[in-house]
Structure formats: structure tokens, C-alpha cells
Amino acid sequence: MRLNILKLLLAGLLSVVVADIEGDALVDMRNKLNATSTQLSDWNQNQVTPCTWNSVICDSNNNVVQVTLANIGFNGVLSPRIGELMHLNVL
């Protein structure tokens with residue numbers, strides 16, 4: 001019984017860690033794209049998951065699967081940390 005509870009706790013912690021990694025990667029991408037204060041302003045690194053951010057779509061497991069940045073007008077470069085978005089299908 002205790003082992004099952006421990007497994008559930010560890011699974012919950014893993015999903016938070018993955019969300020933090022994806023959120024950090026997205027924030028780095030926003031910074032590298034030189035987003036202004038009004039562009040992607042709701043991308044808050046302190047949130048548990050980036051799945052609530054505008055332009056970000058996640059699957060049922062809270063993995064980032066799509067980021068829609070068309071027609072926003074960035075002038076920077078794409079962050080190499082995009083590779084940390086392991087489930088990303090559409091950019």
C-alpha cells in the first residue's frame with residue numbers, strides 16, 4: 001500500500017518537473033525572440049505549467065504539443081532549448 005502511494009507521489013512530482021522544464025524552455029525562447037513586454041506577456045515562469053499560456057497548446061498529460069507564434073513580429077532567433085519540448089508537433 002505504501003509503495004503505491006509513493007509511486008503516485010513520484011508520478012505527480014515528475015509531471016511538475018517536466019512542466020517546469022518546458023516552461024523554462026518557452027521563456028528562454030520568448031527571450032531569444034526579443035519579445036516586447038506586450039508580446040506573450042502571460043508567459044509566467046512561476047506557474048506550474050505553461051499549458052495555460054496564450055499560444056501554447058498541451059495534450060492531456062500537460063505536455064506542450066503546439067506553440068503558435070505566427071504574425072507576432074519577433075526579431076530574434078529561435079532558442080536551442082526548443083529541443084526540450086519533447087512532445088512539440090507544431091511550431
Side-chain angles (χ1 to χ4, degrees):
M1 176 77 157
R2 289 183 185 174
L3 184 58
N4 288 336
I5 292 172
L6 181 61
K7 286 180 183 178
L8 286 172
L9 287 172
L10 289 175
L13 283 174
L14 179 61
S15 67
V16 170
V17 169
V18 169
D20 286 345
I21 290 169
E22 290 186 323
D24 291 346
L26 288 169
V27 168
D28 187 60
M29 187 167 65
R30 179 190 65 195
N31 294 338
K32 296 277 190 291
L33 290 171
N34 298 321
T36 67
S37 62
T38 58
Q39 294 171 321
L40 309 175
S41 60
D42 70 324
W43 286 26
N44 182 349
Q45 198 167 10
N46 295 321
Q47 291 179 331
V48 173
T49 176
C51 296
T52 60
W53 300 353
N54 284 329
S55 303
V56 176
I57 297 175
C58 295
D59 63 15
S60 60
N61 294 317
N62 287 333
N63 298 306
V64 174
V65 294
Q66 182 174 338
V67 180
T68 308
L69 302 175
N71 301 317
I72 296 180
F74 298 114
N75 64 8
V77 297
L78 195 57
S79 169
R81 290 192 66 188
I82 194 169
E84 295 175 23
L85 303 173
M86 301 300 289
H87 300 275
L88 186 66
N89 295 324
V90 178
L91 177 62

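When a residue number appears, it is its place in the shown sequence, counting from 1. None of these values were measured; they are calculated from a predicted model.
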Inset, instruction - State, to 0.1 Å, how close Ile72 and Gln39 come at their nearest heavy-atom pair, and which atoms those are. - result: O-NE2, 2.9 Å
Legend entry - Side-chain touch Met29/Trp43, heavy atoms, less than 4.5 angstrom: yes
Legend entry - Shortest non-hydrogen contact between Asp42 and Thr52, atoms and distance: OD2-O, 4.0 Å
Legend entry - Distance, nearest 0.5 Å, that separates CG of Asp28 from CD of Glu84: 8.0 Å
Legend entry - Val27 reachable from Val65 in the ILVMFWY side-chain graph, under 4.5 Å edges: no
Legend entry - Verify same cluster id: Leu91, Trp53 (apolar side-chain graph, 4.5 Å): yes
Inset, instruction - Could you tell me the separation between the CD1 atom of Ile82 and the CD atom of Glu22, rounded to the nearest 0.5 Å? - result: 11.5 Å
Inset, instruction - Could you tell me which non-hydrogen atom of Asn61 sits nearest to which non-hydrogen atom of Asp59, and how far apart they are? - result: N-OD1, 2.9 Å
Inset, instruction - Run through Val67, Val64, Asn62, Leu85 and flag the one making a side-chain contact (heavy atoms from CB on, under 4.5 Å) with Pro50. - result: Val64
Inset, instruction - Calculate, to the nearest 0.5 Å, the distance between atoms CG and CZ belonging to Asp24 and Arg81 respectively. - result: 5.5 Å
Legend entry - Check: Asn44 side chain, Asn46 main-chain N or O, donor-acceptor pair, under 3.5 Å: yes
Inset, instruction - May I ask you to test the Leu69-Leu40 pair for a side-chain heavy-atom distance under 4.5 Å? - result: yes
Inset, instruction - Is it possible for you to say whether Leu78 and Phe74 belong to one hydrophobic cluster, with membership spreading through side-chain heavy-atom contacts below 4.5 Å? - result: yes
Legend entry - Spacing of Leu26 atom CG and Ile21 atom CD1 [to the nearest 0.5 Å]: 12.0 Å
